[in-house]
Amino acid sequence: MIKKFFDWLKQPLGLIAVGIVFLGVFSAVAYGIYLTQQTPEQPIQFPHRTHVAFGIQCLYCHPGASKGPAAGLPSQAKCWACHNQIAKTQTSALLAPLKDAVINGESIQWVPVAIVPDFVQFNHRAHVAAGRNCEECHGDMSQVDIAQNPQVFNMGWCLNCHIEAAGDDQEKLVKLSDCGTCHY
Ligand code: HEC
Ligand code: HEC
Ligand code: HEC
Ligand code: HEC
Ligand code: HEC
């Protein structure tokens with residue numbers, strides 16, 4: 001029975017069947033990868049490029065990065081402080097959802113793109129205090145229209161930099177590679 005099946009696989013029809021199965025699996029995998037690489041649908045198409053080009057500092061909108069674990073996202077009040085003075089706000093379709101949120105007093109539900117699982121303890125403050133730039137981990141946001149994650153925040157990525165940062169300092173190496181530093 002099995003042998004018959006394998007013989008059949010070698011026939012033209014069998015080869016076509018193998019091809020179809022292979023293509024099916026391949027495209028399913030490719031589609032899965034494609035989905036994880038897609039920029040999420042955000043409530044407002046917020047362009048980092050435009051804002052950074054105006055000289056607005058990262059920490060103005062993400063002040064938590066120098067103070068604690070989370071960088072934080074700006075409230076709509078912070079957006080509005082500028083946008084109620086900008087003529088384009090009245091006419092831009094991209095800004096219509098911001099106007100609606102302000103009028104209705106609703107907060108904007110941004111979809112996270114830079115994120116690690118809950119069982120990982122990441123803290124911005126320690127990194128900013130150690131002189132690390134946003135760019136080292138988030139890429140050059142001044143060139144980004146809609147934010148997406150330029151790299152995978154996996155364990156190897158964290159550890160590689162930690163080992164490099166520790167250098168010859170054994171005590172630091174033990175601390176920065178200890179499981180309990182990132183998982184507790
Ligand atoms: C005018 C305010 C503003 C400025 C300035 C700004 N950002 Fe943002 N940032 C936002 C908003 C709003 C979001 C949420 C929307 C999104 O993810 O696209 C965001 C999202 C992000 C994210 C993704 C966070 C997530 O939700 O997962 C990163 C990373 C980020 N910003 C880094 C930076 C860096 C680095 C700079 C400086 C080069 C910067 N931002 C400057 C407003 C700002
Ligand atoms: C410090 C001032 C400032 C802050 C804060 C700010 N913006 Fe802006 N934003 C601007 C300027 C300036 C422009 C460019 C306007 C122009 O092209 O005429 C702009 C452009 C935009 C655009 C593109 C509009 C278009 O039609 O091209 C969007 C969308 C936008 N901002 C959303 C936001 C959101 C959402 C926030 C809050 C998270 C925010 N902005 C905070 C100054 C600011
Ligand atoms: C050492 C790497 C690293 C550096 C440096 C860094 N970040 Fe992050 N950032 C991360 C990681 C990892 C996450 C995901 C954290 C999580 O899910 O808890 C993140 C998440 C974020 C987020 C979204 C979630 C949140 O924390 O509110 C924003 C916004 C952000 N970073 C902005 C910044 C800004 C602005 C700077 C520079 C002042 C910066 N980051 C510096 C690694 C870094
Ligand atoms: C680009 C380099 C870099 C990357 C990437 C990086 N770190 Fe760090 N991390 C550092 C440096 C530098 C320090 C500070 C070391 C010191 O104490 O001088 C640090 C310190 C820490 C600390 C210790 C805070 C304390 O108690 O002092 C934690 C926790 C941490 N990192 C978690 C993470 C996690 C989780 C990731 C990955 C999601 C990560 N880091 C990615 C460079 C990095
Ligand atoms: C510098 C920070 C850091 C240190 C130190 C660290 N981890 Fe992790 N760990 C991470 C991050 C970030 C992830 C999330 C990986 C992802 O999402 O792909 C993770 C994921 C994991 C997972 C889940 C694996 C998976 O595939 O989902 C396990 C288990 C784990 N770590 C165990 C450990 C053990 C055991 C140690 C000590 C030998 C350790 N970690 C040290 C940052 C760290």
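Each ligand, and each atom within it, is numbered from 1 in the order the structure gives.
Counting only distance, with no hydrogens or angles, the side chain of Q143 and the backbone of R49 share no donor-acceptor pair below 3.5 Å. In terms of modelled atom types and a separation under 3.5 Å, the side chain of S177 and the main chain of L173 share a donor-acceptor contact. Under the 3.5 Å distance criterion, the side-chain polar atoms of N154 are matched with a main-chain donor or acceptor of W157. Judged by distance alone, the side chain of E136 and the main-chain N or O of N133 form a donor-acceptor pair under 3.5 Å. Side-chain N or O atoms of T91 include one that pairs as donor or acceptor with a backbone N or O of K88 at under 3.5 Å. Side chain of H48 to main chain of M141: no donor-acceptor pair is present (N/O by atom type, distance under 3.5 Å, no hydrogens or angles). Judged by distance alone, with hydrogens and angles left aside, the side-chain atoms of K175 form no donor-acceptor pair with the main-chain N or O of T181 at under 3.5 Å. Between the side chain of K78 and the main chain of Y60, a donor-acceptor pair closer than 3.5 Å is present. The backbone N or O of A81 sits less than 3.5 Å from a side-chain atom of Q85, completing a donor-acceptor pair.
Atom 13 (C) of ligand 3 has as its closest protein heavy atom F153 CE1, 3.6 Å. Atom 35 (C) of ligand 5 has as its closest protein heavy atom C179 SG, 3.6 Å. Protein heavy atom in closest approach to atom 4 (C) of ligand 5: C182 SG, 3.3 Å. Remark: minimum distance from atom 19 (C) of ligand 1 to any protein heavy atom is reached at H48 CE1, 3.3 Å. From the protein, the heavy atom lying nearest to atom 10 (C) of ligand 5 is M155 CG, 3.4 Å. Atom 16 (C) of ligand 3 has its closest protein heavy atom at V116 CG2, 3.4 Å. Taking atom 17 (O) of ligand 1 as the reference point, the nearest protein heavy-atom neighbour is Q42 NE2, 3.5 Å. Of all protein heavy atoms, the one closest to atom 22 (C) of ligand 1 is M141 CE, 4.2 Å. Atom 42 (C) of ligand 3 has F122 CZ, 3.2 Å as its closest protein atom, hydrogens excluded (heavy atom only). Nearest protein neighbour of atom 18 (O) of ligand 5, counting heavy atoms only, is N154 CB, 3.7 Å.
The shortest distance between side-chain heavy atoms of I44 and L94 does not fall below 4.5 Å. Looking at H183 and M155, their side chains come closer than 4.5 Å, going by heavy atoms from C-beta outward. With contacts defined as side-chain heavy-atom distances shorter than 4.5 Å, the pair W110/F46 qualifies. Residues P69 and Q121 fail the side-chain proximity criterion, which asks for heavy atoms closer than 4.5 Å. Side-chain contact between Q57 and V52 is absent, with no heavy atoms from C-beta onward closer than 4.5 Å. Counting heavy atoms from C-beta on, the side chains of Q45 and P47 never come closer than 4.5 Å. Taking the side chain as every heavy atom from C-beta outward, P43 and P97 never approach each other to under 4.5 Å. The shortest side-chain heavy-atom distance between I115 and F153 does not fall under the 4.5 Å cut-off.
Within the 4.0 Å heavy-atom criterion, the part of P117 lying near ligand 5 is the side chain and not the backbone. Using a 4.0 Å cut-off between heavy atoms, F119 contacts ligand 5 through its side chain alone, with no backbone atom that close. Under 4.0 Å from ligand 5, the heavy atoms of V120 that appear belong solely to its side chain. Neither the backbone nor the side chain of C79 comes within 4.0 Å of ligand 1, counting heavy atoms alone. Here K78 has no heavy atoms under 4.0 Å from ligand 1, in either its backbone or its side chain.
Residue-level check: among N/O/S atoms of H183, NE2 sits closest to atom 8 (Fe) of ligand 5. Closest approach between atom 8 (Fe) of ligand 1 and any N/O/S atom of H62 involves NE2.
Connection of L176 to V174 is not established within any shared hydrophobic cluster, with ILVMFWY side chains joined at heavy-atom distances below 4.5 Å, either directly or through further cluster members. A single hydrophobic cluster is seen to contain both F119 and V116, as judged by linkage of ILVMFWY side chains at heavy-atom distances under 4.5 Å, directly or through other members.
If you number the atoms of ligand 3 from 1 as listed, the ones under 4.0 Å from a heavy atom of C137 come out as 1 (C), 2 (C), 3 (C), 4 (C), 5 (C), 42 (C), 43 (C). Residue-ligand proximity, I56 to ligand 1, at heavy-atom distances under 4.0 Å covers atoms 5 (C). Heavy-atom proximity to V113, at under 4.0 Å, picks out these atoms of ligand 1: 23 (C), 25 (C), 26 (O), 27 (O). Atoms of ligand 5 found under 4.0 Å from any heavy atom of C158, numbered from 1 in the order shown, are 1 (C), 2 (C), 12 (C). The contact set between ligand 5 and L176, taken as ligand atoms under 4.0 Å from a residue heavy atom, comprises 5 (C). Remark: ligand 5 atoms within the under-4.0 Å shell around heavy atoms of H162 are 1 (C). Distances below 4.0 Å separate heavy atoms of A70 from the following atoms of ligand 3: 26 (O), 27 (O). Of all atoms in ligand 3, listed by their number and element, those nearer than 4.0 Å to a heavy atom of N133 are 5 (C). Residue contact check: Q57 has heavy atoms under 4.0 Å from atoms 5 (C) of ligand 1. If you number the atoms of ligand 3 from 1 as listed, the ones under 4.0 Å from a heavy atom of A65 come out as 38 (C).
One option in P63, G131, A114, G68 has a heavy atom closer to atom 23 (C) of ligand 3 than any other, and that option is A114. Nearest to atom 26 (O) of ligand 1 by heavy-atom distance, out of A53, G139, P112, P47, is P112. In this comparison of G72, A71, C58, the heavy atom closest to atom 28 (C) of ligand 3 sits on A71.
Ligand 5 has at least one atom lying under 4.0 Å from a heavy atom of D178. Residue contact annotation: W110 has a non-hydrogen atom under 4.0 Å from ligand 1. Within the structure, the closest approach of S142 to ligand 1 does not fall below 4.0 Å when heavy atoms are considered. By the 4.0 Å heavy-atom criterion, L73 is counted among the residues contacting ligand 1.
Atom 39 (C) of ligand 5 lies below 4.0 Å from at least one non-hydrogen atom of the protein.
Between F122 and H127, the two ring planes are parallel [angle under 30°; tilted spans 30° to 60°].
Look at C134 and atom 8 (Fe) of ligand 3: no N/O/S atom of the residue is under 2.8 Å from the metal. Among the backbone and side-chain atoms of C61, no N/O/S atom is found under 2.8 Å from atom 8 (Fe) of ligand 1.
Between the NE2 atom of H138 and the NE2 atom of H124, the angle taken at atom 8 (Fe) of ligand 3 works out to 180° after rounding to 10°.
Test N84, T89, N104 against K99 for side chain to side chain contact (heavy atoms under 4.5 Å, CB included) and you get one pass: T89.
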